[in-house]
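Input: a single structure, listed below in structure tokens.
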2 protein chains.
Amino acid sequence: MAPGEKSGGRRGEFQLIAELFAPLARGATGAFGLKDDAATIDVAVDRELVATADALVESVHFLRSDPPASIAKKALRVNLSDLAAKGAEPEAYMLVLSLAPWIKDDWLTRFTGGLASDQSEFGITLIGGDTTATPGPLTIGVTAFGTVPRGHMLRRAGARPGDAVFVSGTIGDSGGGLAILHGDGNSLSSEMRDALVSRYRVPQPRTRLGPRLTHLATSALDVSDGLLADLNHIAEVSGTRIVVEGQQVPLSAPLRALWGSDVDAIVRAASSGDDYEIAFTAPWSEKGAINAAAQAAGVEVCEIGHVEEGEGVALLGLDGRPVTLGRLGFTHF
Amino acid sequence: MAPGEKSGGRRGEFQLIAELFAPLARGATGAFGLKDDAATIDVAVDRELVATADALVESVHFLRSDPPASIAKKALRVNLSDLAAKGAEPEAYMLVLSLAPWIKDDWLTRFTGGLASDQSEFGITLIGGDTTATPGPLTIGVTAFGTVPRGHMLRRAGARPGDAVFVSGTIGDSGGGLAILHGDGNSLSSEMRDALVSRYRVPQPRTRLGPRLTHLATSALDVSDGLLADLNHIAEVSGTRIVVEGQQVPLSAPLRALWGSDVDAIVRAASSGDDYEIAFTAPWSEKGAINAAAQAAGVEVCEIGHVEEGEGVALLGLDGRPVTLGRLGFTHF
């Protein structure tokens, strides 16, 4: 098929790039208007480039019936969340689209509209990528780039016995939203249901908080597999044990309406994943500075536990005794 | 499923990363042993980072029956080819795998074996990525990083009237290899058939040539859509016309045995794509330096035409008159 021709209600490859994607690359000199095979990325001398990649697959990470703009935002935001948790300021991204046969022009227009909206909100620009056809599910790969002060990327390794454990926002809302999409929560108000579903569909990456933690936190990651599973990642790589006080895990009002607030609800929330909050450790002495950073970023940060000698992660119930945990969170297969 | 558990003959996500992928990240300090959510990329002050992304989809870009190591190499090499054509020295890559249900441990071991082999050959290291499951076809996304002398990335834009047009290696072999896999060429010797099929399965990125052209070529790209289609990209972005002399297009002996060497064979070869050679333009005055660069890189470079005022691409037949061209090459949908 020649460039620009239409096939089954979808623009040709080159027309798609010129009309829908090139406008998203305006302002990035290294993107060359998406008219080249590669992009250049410039990094200031006192900063360091941070790169992260995450793919979303139809039926695995989103539903075909989800609004196209939401799918676009989710694809971008799961990567922005990784950058935020590493303390990085977002800069640019590359998009690799494998387009399923059901994708039409109208869908793509709404998808790129979602990208445009998030580019403005988060100060990130498209600089390149690849678009291909697939006979299978829509698959969206994003590689996102950010920068941190040289040598100060927040890592999973670094938690030290005596540190406090913190988490931003609330935990479990996304899992609750998915449960609602699967038919739960009919007794909740539509406002509460919408609040939870929107947390599942469109994560809120903590890009204003993360960069403020680069000189405060000893370790950090974004909560995607589930709070307990992700804290277990920190514990493992840091060679420490993490103890979480169940009653300190922040649950939103809609989630408490859906699942309650007993220990089962806390375990469920802390295992359900897709939260895209930042979990981190820091010395107790930094607590004032962390509260100030949270306030400046406009997000709540809760102290939920501590780091000690040992290994693994423990969740203390309301009686202060460890809860027996099964599956900690989500793995992809 | 807990980390490390097996499911249907495949390692769990974390075990897969630890056992098969982490060894590929050894030696890259910014990869943090693949135990973090992001990688850092360091670039020397006098150089510039070049990034490119390409995805391969089962049944679209490779066949399920292709050897796993070949699929791995092709996924890496199509990106290495982009870097080479931009004049970049390869440095690192990120891998985004969407694993189909039919992928088992043994397949993954052979796949990562192919990556390991190419990492040694091309001096590139895995620094991160993402692994997820898909109910659809195996999809492999690679984002590759290289560096060029600051400000010297070879671009598609830059061809000037009076420049000569060059191409490395031979053209059409990969298309011939695919034709053989579809049943053509039964009269050819098995050596000739294998030579063409291996060019389809495993491209030879010209990583030794590209970086030698950064101060010689005025424009460059790698031939993936088809020689004529790709030269048309250069013509379009450079605002010039490119004229190719058909009899100068380099065809290999096996391809001539398969398709002949008349004008139809030349058009077919120059439209079939997946060559992963470097096509570039340069002033006539640089011809000696280009020959020296080709010799140092150990690859043939042929002069195949010239750049003039105007637009589009023309192919001259053996009589020196323009051939009427239909479809110039491959588009993805």
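Lettering follows sequence order; numbering is per chain, from 1.
- The choice from B:A51, B:A53, B:G136, B:G141 that makes the most heavy-atom pairs within less than 4.5 Å of chain A is B:A51.
- Within 6.0 Å of CD on B:E19 lie more than 12 heavy atoms contributed by other residues, nucleotides or ligands.
- Among B:M94, B:E58, B:R155, the residue making the largest number of heavy-atom pairs under 4.5 Å with chain A is B:R155.
- The side-chain heavy atoms of A:L49 and B:L49, taken from C-beta on, include a pair separated by under 4.5 Å.
- To the nearest 0.5 Å, the span separating CZ on B:F32 from CZ on A:R156 amounts to 12.0 Å.
- Of the two parts of B:D54, the backbone and the side chain both hold a non-hydrogen atom closer than 4.5 Å to a non-hydrogen atom of chain A.
- Summarising the geometry, atom OG1 belonging to B:T139 is positioned 12.0 Å from atom CD1 belonging to A:I140; distances are rounded to the nearest 0.5 Å.
- Applying the side chain to side chain contact (heavy atoms under 4.5 Å, CB included) test between B:S98 and each of A:T134, A:V60, A:V57 identifies A:V57 as the sole match.
- Within the model, atoms OG1 of B:T143 and CZ of A:F145 stand 6.0 Å from one another, a figure rounded to the nearest 0.5 Å.
- The parts of B:V50 that come within reach of chain A are both its backbone and its side chain, each placing non-hydrogen atoms under 4.5 angstrom from that chain.
- Residues A:D130 and B:A55 approach most closely at OD2-N, 2.8 Å, considering heavy atoms.
- Of residues 34-42 of chain A, those residues lying under 4.5 Å from chain B by any heavy-atom pair are A:K35, A:D36, A:D37, A:A38, A:A39, A:T40, A:I41, A:D42.
- Per-residue counts of heavy-atom pairs under 4.5 Å with chain A were compared for B:A144, B:S59, B:P135; the largest is that of B:P135.
- Interface residue B:A220: only backbone heavy atoms are found under 4.5 Å from chain A.
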